[in-house]
Amino acid sequence: MEINHLLKKGVEMIKDREYGNPVLEAALLLGKLLNVDRTYIYTHGDTEVSQPIVDKFLELMEKRRLGYPFQYILKEKEFMGLEFYVDEGVLIPRSDTETMVEYILKYIDEKYKDEPINFLDLGIGSGAIILSIAYYKKNVNAYGVDFYDPPLKIANINKERFKLSNVSLYKGDLFQGIEGLGLEGKFHIIASNPPYIPNEEIKTLQTEVKDYEPMSALDGGEDGLRFYKKIIPESKKYLKDGGLLIFEIGYDQGKKVEDILLKEGYKDTRILKDLHGLDRVVMGVVG
Ligand SMILES: C[S@@+](CC[C@H](N)C(=O)[O-])C[C@H]1O[C@@H](n2cnc3c(N)ncnc32)[C@H](O)[C@@H]1O
């Protein structure tokens with residue numbers, strides 16, 4: 001079958017999916033299977049595709065048709081200009097999370113410049129946050145914790161992919177992961193994008209998310225605030241005086257999380273909006 005014909009067939013198969021971009025997805029997938037870029041796909045419509053590749057392409061497009069996330073098929077997701085390896089078992093990094101990462105990078109530049117600093121990420125997933133910070137700021141000594149094996153495995157693959165020697169990853173339940181390492185009072189910044197979807201809302205999410213992304217990365221308990229309530233008090237033990245605690249939050253959680261920060265004695269609290277104008281980041285300083 002020729003590229004043009006196959007592409008059309010693929011687009012037709014997934015055109016009714018509510019979330020996605022059928023032409024782009026079909027071209028990217030065929031490009032990946034043929035080991036060529038998207039431009040080649042668009043400019044070589046007459047080229048014949050071998051039968052095994054036709055079969056593989058149609059098999060994966062069928063998976064996509066049923067709602068399987070495109071990034072798990074491609075096994076890649078771009079975040080902060082880096083190509084992260086992703087697969088089942090980790091949250092696919094969201095562009096909304098770049099709001100927090102960009103803020104942290106700017107904060108490090110302004111407050112610490114090239115001074116060596118300690119950074120902690122709780123709930124690393126694919127490593128999107130911790131590895132982007134460690135990649136762009138070589139003065140950062142980065143520690144990351146996750147409770148589950150798939151994120152740790154995938155984040156370690158990405159750590160190798162980006163050749164980062166300033167990153168240490170640990171398994172554990174939040175701060176338990178770094179217990180006994182003598183890191184109390186040592187962190188300049190603690191960041192987390194914890195699971196924050198309230199139980200009841202999970203069933204309302206799109207198929208791609210609720211049926212395929214890990215529940216352990218989504219479920220924030222009854223009110224969605226379970227992790228903030230645990231991390232905020234405990235962080236005081238691990239942050240330096242003047243250290244920053246910064247979170248990604250759901251669009252309607254800014255005020256609620258800020259209130260917990262204030263109640264626990266954090267100062268200089270702020271809420272940042274994402275590119276859609278929704279509350280997305282909340283932070284406070286200890287001391
Ligand atoms: C919303 S995901 C964020 C992943 C990644 N940081 C990102 O922004 O793409 C939350 C992560 O927290 C992890 N997690 C859930 N419960 C945890 C716990 N008790 N201790 C440590 N990590 C946990 C999940 O495995 C998941 O990787």
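Whatever order the structure lists them in is the order used to number ligands and atoms, beginning at 1.
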Just say parallel, tilted or perpendicular for the rings of Y68 and Y212, cut-offs at 30° and 60°.
perpendicular
For [atom], what's the nearest protein heavy-atom neighbour? Residue, atom name and distance, please.
{"atom": "atom 1 (C) of ligand 1", "value": "A217 O, 3.0 Å"}
{"atom": "atom 26 (C) of ligand 1", "value": "D146 OD2, 3.6 Å"}
{"atom": "atom 18 (C) of ligand 1", "value": "F147 CB, 3.5 Å"}

Check whether any side-chain heavy atom of D279 lies under 4.5 Å from a side-chain heavy atom of I249, and answer yes or no.
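Answer yes - side chains close enough.
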Non-hydrogen atom of [X] closer than 4.0 Å to ligand 1:
{"X": "L174", "result": "yes"}
{"X": "S126", "result": "no"}
{"X": "G172", "result": "yes"}
{"X": "F227", "result": "yes"}

Taken to the nearest 0.5 Å, the spacing of F175 CZ from K237 NZ works out to 9.0 Å
Please report whether ligand 1 has a polar contact with D173, defined as an N or O pair separated by less than 3.5 Å (distance criterion only).
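Min N/O separation from ligand 1 is below 3.5 Å for D173.
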Hey, does G123 come in under 3.5 Å of ligand 1, counting only N/O atoms on both sides?
yes
Flag this pair as yes if the NZ/CZ of K240 is under 6.0 angstrom from the six-membered ring centre of Y238 and inside a 45 degree cone about the axis; otherwise no.
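Verdict for Y238: no cation-pi partner in K240.
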Kindly indicate whether a cation-pi arrangement holds for K77 with F84, taking the cut-offs as under 6.0 Å to the six-membered ring centre and within 45° of the axis.
no
Which atoms of ligand 1 sit under 4.0 Å from any heavy atom of [X]?
{"X": "I124", "result": "4 (C), 5 (C), 6 (N)"}
{"X": "I129", "result": "6 (N), 8 (O)"}
{"X": "N193", "result": "1 (C), 2 (S), 3 (C), 7 (C), 8 (O), 10 (C)"}
{"X": "S216", "result": "15 (C), 24 (C)"}

Do the side-chain N and O atoms of E160 and N156 include a donor-acceptor pair separated by under 3.5 angstrom?
no
Taking atom types as modelled, is there a side-chain donor on Y85 or D87 under 3.5 Å from an acceptor on the other?
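Their side chains do contain a donor-acceptor pair, which is all the 3.5 Å distance test asks for.
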The single option from K229, Q253, K256 passing side chain to side chain donor-acceptor pair (under 3.5 Å) against D223
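Exactly one candidate clears the test, K229.
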Could you walk me through whether Y112 and H188 pass the ring-ring contact (aromatic ring centres under 6.0 Å, His included) check?
CA-CA 9 Å; Y112 300 110; H188 299 73; 5.1 Å; yes
If we set the cut-off at 4.0 Å for heavy atoms, which region of Y148 has an atom near ligand 1: side chain, backbone, both, or neither?
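It is the side chain that gets close, since no backbone atom is under 4.0 Å.
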